[in-house]
Protein chains: 2
Amino acid sequence: MAYRETEKMRQRKAEVRQRILDCASGLVAEGGFRNAQINNVADKADVATGTVYRHFESKSELFAEVFRRATIREVNKVAESLEGKDPAPDRLERALRQFASRALQAPAMAWSLIAEPVDPLVEGERLAYRRAYADHFRAAIDDGIRDGSLPPQDAGLSATCLVGAIAESLVGPLSPTRQNADRAFSEQQKAELITPILTFCLQGVTGTRR
Amino acid sequence: MAYRETEKMRQRKAEVRQRILDCASGLVAEGGFRNAQINNVADKADVATGTVYRHFESKSELFAEVFRRATIREVNKVAESLEGKDPAPDRLERALRQFASRALQAPAMAWSLIAEPVDPLVEGERLAYRRAYADHFRAAIDDGIRDGSLPPQDAGLSATCLVGAIAESLVGPLSPTRQNADRAFSEQQKAELITPILTFCLQGVTGTRR
DNA sequence: ACAAGAAATGAATAGTGATTCACTCTTTAC
DNA sequence: GTAAAGAGTGAATCACTATTCATTTCTTGT
């Protein structure tokens, strides 16, 4: 015997894998999935094309993982916003605001995550990502129903509606057809967009005028 | 001079064009844009591949038009539902119900229109289609604000939220990953889905418990 | 230093499907 | 009937990229 995988190697491989992911992610952030080709990824990560395939099954797998990672960060932020002992409606408001606000902060990436056409495997991740948001919202709504701060309702569907309402409202503003697709929005622009969306969403869940 | 386009010819060409559109549309209804290749379209329409290109600039143009046509029908139905002299909230409810109900009646096509990944030109049509819905809803909301049957609000954003909330709620049920993707839903299934969605949507717009 | 095995390389290949175009067939006007 | 012009044809081409794999380079244990 002569070669055995050693800790050093394991680490180096992990680093390369990570670098590939980061670069792929970077390409998506710059120009969406549309212009994230394996060759570009390899070039950017300073490895050969084939090396990408040593670390990932296929292009789809690679980008599914890119999507998943970008997504987990976002979902976690929203989940954090939902924590706390204050009333469910307040927590929901905070979380919804977080969701929209972060998207407007990084419009290009947000557009890719929310609306860019992607291949079916990645689309699967997108469904999961939206479901993840909805699940968190649903839990909060259920809390609210339980403690009486929200009226009885189909929490799952309400949660889905929340996700849809926000995502849809953001698609227009985020859309890269806008000249300024890569500039973040000013605080004022953000507020003007977010406030009415939140009004609608909270009224939808609470059934009372905001 | 010897040949000049005559009425008869103009008509025949229009027929072929129409047949191509219909067949393309049929393929989408059966298997989504994913399996609508130009060759299939040509075969189904009983013309040669090249003939398709005599009638349409490119694949994208063809399917953009397919999308537009499918879409106009739907939008018109919703617009019809919005007509009438009754209170804006009632008209909105009717229209939203129409929207959801029709989608569940033809799940495969609805999924393609709402959620299937498509190429950018067709995606452009999708944005237009969603905006068209939103514009109709917005007009009704503005009516309601004017006559006092709805509270003041950003009608445009509320309308967008309505579209998003419904579309998102339908994506799951319509998704072709479900075994029964091609069977329409029973009246009861439809009601169970639609009722809570409408509750959320109407509360969002009216700010009062439904 | 060496042999065994693993990892990296990147040019070549391959799959997919849109698009073209040289040719044939029809229609029209005379 | 015939010539001009358009319409139709479909096999061949092209474009794009994901993926492969024979070869080279690097790591490790002795």
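What's counted below: heavy atoms across the whole structure, side chains too, no hydrogens, waters or symmetry copies. Naming: A, B, ... by sequence-line order, numbering from 1 per chain. It should be emphasised that the depicted structure is a prediction, and the values quoted were computed from it without experimental measurement.
Atom OH of Tyr3(B) is separated from atom C1' of dT28(C) by 7 Å (rounded to the nearest Å). Taking atom OH on Tyr53(A) and atom P on dT17(D), their separation rounds to 13 Å, with Å as the unit.
Partners of Gln188(B) by side-chain hydrogen bond (donor to acceptor under 3.5 Å, both in side chains), not counting sequence neighbours, listed by chain and number: Glu192(B). For Ser169(A), the side chain to side chain contact (heavy atoms under 4.5 Å, CB included) criterion is met by Ile197(A), Leu157(B), Thr160(B), Cys161(B), not counting sequence neighbours. Taking Glu7(A) as the reference, Arg10(A) meet the side-chain hydrogen bond (donor to acceptor under 3.5 Å, both in side chains) condition, with sequence neighbours excluded. Every ring pair (Phe, Tyr, Trp, His ring centres under 6.0 Å) that Tyr133(B) has, sequence neighbours left out, goes to Phe99(B), Tyr129(B). Shown here are the side chain to side chain contact (heavy atoms under 4.5 Å, CB included) partners of Ala132(B), two or more places apart in sequence or in another chain: Val75(B).
In this structure, the side chain of Ser186(A) engages the main chain of Gln189(A) through a donor-acceptor pair within 3.5 Å.
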Got a list of side-chain donor-acceptor pairs under 3.5 Å for residues 32-41 of chain A, not counting sequence neighbours?
| residue | atom | partner | partner atom | Å |
| --- | --- | --- | --- | --- |
| Gln37(A) | OE1 | Asn40(A) | ND2 | 3.1 |
| Gln37(A) | NE2 | Arg34(A) | O | 3.2 |
| Asn39(A) | OD1 | Thr49(A) | OG1 | 3.3 |
| Asn40(A) | ND2 | Asn35(A) | O | 3.4 |

Kindly list each side-chain donor-acceptor pair under 3.5 angstrom involving residues 23-30 of chain A, sequence neighbours excluded, with atom names and distances?
| residue | atom | partner | partner atom | Å |
| --- | --- | --- | --- | --- |
| Glu30(A) | OE2 | Lys44(A) | NZ | 2.8 |

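A donor-acceptor contact under 3.5 angstrom links the side chains of Asp22(A) and Gln18(A), judged on distance only.
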Atom pairs under 3.5 Å, N or O on each side, protein against nucleotides 10-15 of chain C: can you list them with distances?
| residue | atom | partner | partner atom | Å |
| --- | --- | --- | --- | --- |
| dG10(C) | N7 | Gly50(A) | N | 3.1 |

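Only Thr6(B), Lys8(B), Met9(B), Arg12(B), listed by number, bring a heavy atom of residues 5-13 of chain B to less than 4.0 angstrom from any atom of DNA chain C. Residues from residues 54-61 of chain B that place a heavy atom under 4.0 Å from any atom of DNA chain D, listed by number: Arg54(B), His55(B). Near DNA chain D, defined here as any heavy-atom distance below 4.0 Å, the residues from residues 19-45 of chain A are Gln37(A), Ile38(A), listed numerically.
Applying the side-chain hydrogen bond (donor to acceptor under 3.5 Å, both in side chains) test to residues at least two apart or on different chains, the pairs with a partner in residues 50-62 of chain A are Ser60(A)-Asp119(A).
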